[in-house]
Amino acid sequence: MIGKAVVEALQKFVPEENIHLQEPMAGHTTFRIGGPADCFLQLESEEQLKKVRRYLEMAGVPFFVVGNGSNLLVDDDGYRGVVAQVGPGMSRITVEGKRLVAQAGASMAQAARAALEQGLTGLEFASGIPGTVGGGVVMNAGAYGGEMSRVVEQVNVVSREGETLCLENETMEFGYRTSVIKNSPFVVTEVTFLLEKGDRKEIQAMMEDLAARRREKQPLEYPSAGSTFKRPAGHFAGKLIMDAGLSGFQVGGARVSEKHCGFIVNTGDATARDVRAVMGEVQRRVKEQFRVDLEPEVVLLGAAGK
């Protein structure tokens with residue numbers, strides 16, 4: 001539990017109305033699953049982030065950053081520590097020439113729309129990704145042939161010590177659903193995209209086409225964390241799961257989507273335990289039948305820490 005002294009210290013850095021104790025994380029993830037975080041902060045500026053980060057490191061308090069929780073499964077018992085949201089309060093987007101600069105809390109869809117409005121092409125793939133720009137760059141989000149690594153010029157981050165650093169594309173170590181930030185103590189605050197001039201009608205048409213394809217192929221009618229597993233080399237996770245006979249496999253309220261077997265969905269009352277049980281059985285059966293290890297793409301946040 002977060003002590004009174006920690007809360008009083010946080011109130012010096014963040015407005016009291018942005019500090020929520022025992023906040024249910026189900027309301028802050030696209031899975032709509034998760035118990036209470038000891039403390040949930042809504043950050044509104046990089047300066048707040050720096051101060052909070054420095055203090056929590058000094059005090060030894062567990063700390064986890066979220067955007068809109070689109071790739072996250074939080075334990076039913078919640079999180080023993082501070083969850084800080086880099087969200088709507090840090091979502092400014094500016095455009096100058098071919099460069100689009102987005103704060104980490106802006107959604108990927110907002111960034112794609114801003115690019116469209118300025119006649120810039122390259123971010124069409126991001127228009128349907130349900131995460132924030134910060135989360136997207138951490139995991140090198142991609143879809144339909146597009147990927148963050150191809151359009152990101154530089155990334156501003158805050159270090160463990162509360163310092164601002166600038167990482168160029170070449171130092172980001174982008175890989176399939178990963179980057180140098182994923183396993184580091186950095187927190188993304190701002191991303192600069194380098195795009196190309198394009199035709200607004202063509203950009204709009206591509207975004208509409210991608211949206212139609214998502215509606216047709218993905219179970220958007222249910223809460224989920226997106227693709228549950230990474231794509232294994234030489235295979236597609238969804239096809240392996242389907243071929244293993246697991247389409248519709250269900251534990252409690254968690255089910256392998258019949259529409260796209262790469263998704264585990266919350267049918268209404270799923271718990272994190274239900275989801276983990278489905279994930280475990282999927283991994284076991286695919287390994288048993290195809291000798292392929294499925295690695296989770298969704299981040300699992302446990303009560304005692306990640």
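In what follows, every heavy atom counts, from backbone to side chain, and hydrogens, waters and symmetry copies are set aside. Keep in mind that this is a model prediction, so the values were computed, not measured.
With contacts defined as side-chain heavy-atom distances shorter than 4.5 Å, the pair Leu195/Leu100 qualifies. Side chains of Pro88 and Glu44 form no contact here, defined as non-hydrogen atoms less than 4.5 Å apart. The side-chain heavy atoms of Phe125 and Val151, taken from C-beta on, include a pair separated by under 4.5 Å. Counting only heavy atoms from C-beta outward, the side chains of Leu21 and Val7 approach each other to under 4.5 Å.
Considering CZ of Phe229 and CG of Leu240, their distance stands at 11.0 Å, rounded to 0.5 Å. Taken from CE in Met207 to CG in Leu123, the straight-line distance is 9.0 Å, to the nearest 0.5 Å. Atom CZ of Phe186 sits about 9.0 Å away from atom CZ of Arg53, to the nearest 0.5 Å. A distance of 10.0 Å separates CG of Leu294 from NZ of Lys287, quoted to the nearest 0.5 Å. With rounding to the nearest 0.5 Å, the separation of CG in Leu41 from CG in Asn18 is 8.5 Å. Taken to the nearest 0.5 Å, the CD atom of Gln154 stands 9.5 Å off from the OG1 atom of Thr171.
For Arg92, the CZ atom is loosely surrounded, since the number of other residues' heavy atoms within 6.0 Å does not exceed 12. Within a 6.0 Å sphere centred on CZ of Phe290, heavy atoms belonging to other residues, nucleotides or ligands number more than 12. Counted within 6.0 Å of CE on Met206, heavy atoms from surrounding residues, nucleotides or ligands total 12 or fewer; the atom is thus considered open. Applying the 6.0 Å contact sphere to CD of Glu17 captures more than 12 heavy atoms from other residues, nucleotides or ligands. Surrounding NZ of Lys239 are at most 12 heavy atoms belonging to other residues, nucleotides or ligands under 6.0 Å away. Atom CZ of Arg99 has 12 or fewer heavy atoms from other residues, nucleotides or ligands within 6.0 Å. Other residues, nucleotides and ligands place no more than 12 heavy atoms under 6.0 Å from the CD atom of Glu96.
Using modelled atom types, one finds no donor on one side chain facing an acceptor on the other under 3.5 Å when comparing Lys50 with Ser45.
With respect to the salt-bridge test (charged N to carboxylate O, under 4.0 angstrom), the residues Lys98 and Glu196 qualify. Of the charged side-chain nitrogens involved, none lies within less than 4.0 Å of a carboxylate oxygen, so that Lys230 and Glu297 do not count as a salt-bridged pair. Salt-bridge check for Glu281 with Arg284: passed, with a basic side-chain N closer than 4.0 Å to an acidic carboxylate O. Using a cutoff of 4.0 Å between basic side-chain nitrogens and carboxylate oxygens, Arg214 and Asp209 are not scored as salt-bridged.
Ring geometry for Phe40 against His28 counts as parallel: the plane angle stays under 30°, on a 0 to 90° scale with 60° as the upper cut.
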With salt bridge (Lys or Arg N to Asp or Glu O under 4.0 Å) as the test, would you mind laying out the steps for Arg160 and Glu163 before giving the verdict?
-> CA-CA 7 Å; Arg160 179 184 280 129; Glu163 299 176 344; over 6 Å; no
Do Val6 and Tyr55 pass the side chain to side chain contact (heavy atoms under 4.5 Å, CB included) test, and can you show the C-alpha distance, the side-chain angles, and the key distance before you say yes or no?
-> CA-CA 9 Å; Val6 172; Tyr55 169 73; 3.7 Å; yes
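Annotation: cation-pi geometry satisfied between Arg255 and Tyr222 (NZ/CZ under 6.0 angstrom from ring centroid, within 45° of ring axis).
At distances below 3.5 Å, not a single donor-acceptor pair connects side-chain atoms of Lys259 with backbone N or O atoms of Leu220.
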